[in-house]
Student: 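This is the structure I want to talk about, given as structure tokens.
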Amino acid sequence: MAEKTKADVKAQLYEAFAVSGKALASGKRLELLDLLAQGERTVDALAKAAGLNLTTASAHLQILKQAGFVTTRREGVRIHYRLAGDDVARLFALLRRVAEAHRTAVPAARDAYLGDDGAAELTREELLARVGTGDALVLDVRPAEEYLAGHIPGALSVPVEELAERVDELPEGAEIVVYCRGAYCVLAYDAVRLLTARGRHAIRLDDGMLEWRLAELPVETGAAA
């Protein structure tokens, strides 16, 4: 067998890179990465959250695992998936930013999905300042398991599907800063629309937990004290 040429070896290297690129070439696999950026989950939980059957979810997760984007651990009969590292979360966040900057279809699709809640937005820096002075109530509207896996310190957990029944738990007159998974998460938009309709003063963090973690800002885990 002829010795491999430099061109052959280079081609192998780029094909190795391409495996990672191919693993990202699915909207559902990107959605699974988005969910895993919030914390570790079982296959069952991921399938339910992504609207997939168990077989399809498992197949997508295996592709992500083969590409090195996720790792697993076994607990009895359950398989738990998590991101292989923060660099995977950074790659996912960068992919979204690049796509929005260079593909005209992305902003239109984003706006159609998120809708317009008419709310003001805060940056992470502005939120930190307001929390430090006690001038805002921070509301996490993600599912409870995501809140427990990591949330902004001091945030109150009220999943968006429970919010309509629990509005009265929020102090009247308070400025409520709502956040969810990230810059493209609809949960915060839905929550602000609901709160505004109930006469509350609600604004949004301009991104979410993904970006908060990547900025290496403080994160609390478990239930609020």
Side-chain angles (χ1 to χ4, degrees), residues 16 19-96 138-163 165-166 178-188 190-191 205 207-225:
V19 170
S20 295
K22 291 173 184 176
L24 298 177
S26 161
K28 279 299 180 182
R29 289 198 287 275
L30 293 179
E31 186 176 352
L32 290 170
L33 290 179
D34 193 14
L35 291 166
L36 288 169
Q38 306 301 310
E40 182 182 81
R41 293 201 187 193
T42 64
V43 180
D44 289 354
L46 287 165
K48 182 178 179 180
L52 297 169
N53 64 50
L54 195 58
T55 300
T56 303
S58 296
H60 281 310
L61 289 165
Q62 282 303 307
I63 292 171
L64 291 171
K65 185 177 181 181
Q66 290 164 8
F69 290 138
V70 301
T71 60
T72 60
R73 69 175 180 87
R74 180 180 290 275
E75 184 177 9
V77 297
R78 291 181 177 273
I79 303 296
H80 297 255
Y81 279 83
R82 62 184 180 274
L83 294 187
D86 287 344
D87 52 351
V88 179
R90 292 185 188 281
L91 175 62
F92 171 65
L94 178 61
L95 174 62
R96 298 195 309 188
V138 183
L139 186 64
D140 186 319
V141 296
R142 298 174 299 155
E145 63 268 27
E146 296 180 18
Y147 175 85
L148 293 173
H151 55 267
I152 294 174
L156 175 67
S157 174
V158 181
V160 70
E161 66 270 17
E162 301 175 13
L163 187 56
E165 297 179 354
R166 297 178 58 186
V178 182
Y179 76 92
C180 56
R181 291 169 179 151
Y184 301 85
C185 176
V186 75
L187 304 180
D190 289 344
L205 182 63
D207 42 42
M209 200 63 212
L210 169 63
E211 294 83 0
W212 186 275
R213 285 182 183 273
L214 292 179
E216 300 182 353
L217 293 170
V219 173
E220 287 182 350
T221 58

Student: Taking atom CZ as the centre, does Arg78 end up with more than 12 heavy-atom neighbours from other residues, nucleotides or ligands that are less than 6.0 angstrom away?
Tutor: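 It does not: Arg78 CZ has 12 such atoms or fewer within range.
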Student: What's the spacing between Met209 CE and Cys180 SG if we round to 0.5 Å?
Tutor: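 The SG atom of Cys180 is 11.5 Å from CE of Met209, to the nearest 0.5 Å.
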Student: How close do Leu187 and Pro143 get, heavy atom to heavy atom, and via which atoms?
Tutor: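 Looking at all heavy atoms of both residues, the closest pair is CD1-CD, 4.2 Å.
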Student: Indicate yes or no: at least one non-hydrogen side-chain atom of Val219 is less than 4.5 angstrom from one of Trp212.
Tutor: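 They are in contact (side-chain heavy atoms under 4.5 Å apart), so the answer is yes.
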Student: Decide yes or no for Leu24 and Leu30: does some side-chain heavy atom of the first lie under 4.5 Å from some side-chain heavy atom of the second?
Tutor: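 Yes - at least one pair of side-chain heavy atoms lies under 4.5 Å apart.
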Student: Could you measure the distance from the NZ atom of Lys28 to the CD1 atom of Ile63? Nearest 0.5 Å is fine.
Tutor: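 If we round to the nearest 0.5 Å, Lys28:NZ and Ile63:CD1 are 14.5 Å apart.
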Student: Return the CZ to CG distance between Arg96 and Asp34, rounded to the nearest 0.5 Å.
Tutor: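 The CG atom of Asp34 is 5.0 Å from CZ of Arg96, to the nearest 0.5 Å.
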Student: Measure across Thr221 and Gly150 and return the closest heavy-atom pair with its distance rounded to 0.1 Å.
Tutor: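 Looking at all heavy atoms of both residues, the shortest contact is CG2-CA, 4.1 Å.
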Student: Measure the CD-CG distance between Gln38 and Leu148 for me, rounded to the nearest 0.5 Å.
Tutor: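 The CD atom of Gln38 sits 12.5 Å away from the CG atom of Leu148.
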Student: If every non-hydrogen atom of Ala49 is compared with every non-hydrogen atom of Glu31, which pair is closest and at what distance?
Tutor: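 Closest pair (atom of Ala49, atom of Glu31, distance): O-OE2, 4.0 Å.
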Student: Would you say the side chain of Leu139 lies within less than 4.5 Å of the side chain of Val141, judging by non-hydrogen atoms?
Tutor: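 They are in side-chain contact.
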Student: Please name the residue in the list Val43, Thr42, Leu61 that meets the side-chain contact (heavy atoms from CB on, under 4.5 Å) test with Ile79.
Tutor: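 Only one option passes, and that is Val43.
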Student: Hey, are Arg181 and Glu211 close enough for a salt bridge, meaning a charged N less than 4.0 Å from a carboxylate O?
Tutor: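 Between Glu211 and Arg181 there is no salt bridge, as every charged N stays at least 4.0 Å from the carboxylate O atoms.
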Student: Around atom CG of Asp86, are there more than 12 heavy atoms from other residues, nucleotides or ligands closer than 6.0 Å?
Tutor: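 At most 12 heavy atoms, drawn from other residues, nucleotides or ligands, come within 6.0 Å of this atom.
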Student: So, do Gln66 and Ser20 sit near enough that their side-chain heavy atoms are less than 4.5 Å apart?
Tutor: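 Side chain of Gln66 against side chain of Ser20, heavy atoms only: no contact under 4.5 Å found.
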Student: Any idea which heavy atoms bring Ala50 and Leu32 closest together, and the distance?
Tutor: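 Looking at all heavy atoms of both residues, the shortest contact is CB-CD2, 4.0 Å.
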Student: Among Gln62, Glu40, Lys65, which residue meets the side chain to side chain donor-acceptor pair (under 3.5 Å) test with Thr72?
Tutor: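 Result: among Gln62, Glu40, Lys65, Lys65 is the only option passing the side chain to side chain donor-acceptor pair (under 3.5 Å) with Thr72.
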Student: Give the C-alpha distance, both sets of side-chain angles, the deciding distance and a yes or no for salt bridge (charged side-chain N to carboxylate O under 4.0 Å, His left out) between Arg73 and Glu75.
Tutor: CA-CA 7 Å; Arg73 69 175 180 87; Glu75 184 177 9; 3.6 Å; yes
Student: So which heavy atom on Tyr179 is nearest to which on Ile152, and how close?
Tutor: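 Smallest interatomic distance, heavy atoms only, reads OH-N, 3.0 Å.
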Student: In Å and rounded to the nearest 0.5 Å, what is the NE2 to CG distance from His80 to Leu46?
Tutor: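 Spacing of NE2 (His80) from CG (Leu46) equals 10.5 Å.
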Student: How about Ser157 and His151: do any of their side-chain heavy atoms sit closer than 4.5 Å?
Tutor: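 Heavy-atom side-chain distance check fails, nothing below 4.5 Å.
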Student: Taking all non-hydrogen atoms of both residues into account, name the closest pair between Leu64 and Ala23 and its distance.
Tutor: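 Heavy atoms only, the tightest pair is CD2-O, 3.9 Å.
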Student: A side-chain contact here means heavy atoms from C-beta on lying under 4.5 Å apart; do Arg142 and Val160 qualify?
Tutor: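 No; the side chains remain at least 4.5 Å from each other.
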Student: Please confirm whether the backbone N or O of Leu54 pairs with a side-chain atom of Ser58, one donor and one acceptor, at under 3.5 Å?
Tutor: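 Between the backbone of Leu54 and the side chain of Ser58 there is a qualifying donor-acceptor contact (under 3.5 Å).
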Student: Side chains of Arg82 and Val70: closer than 4.5 Å at any heavy-atom pair?
Tutor: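 Result no, sub-4.5 Å side-chain heavy-atom pair not found.
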Student: Say you draw a straight line from CG of Leu36 to CZ of Phe92; how long is it, rounded to the nearest 0.5 Å?
Tutor: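 Atom-to-atom, Leu36:CG and Phe92:CZ are 10.0 Å apart.
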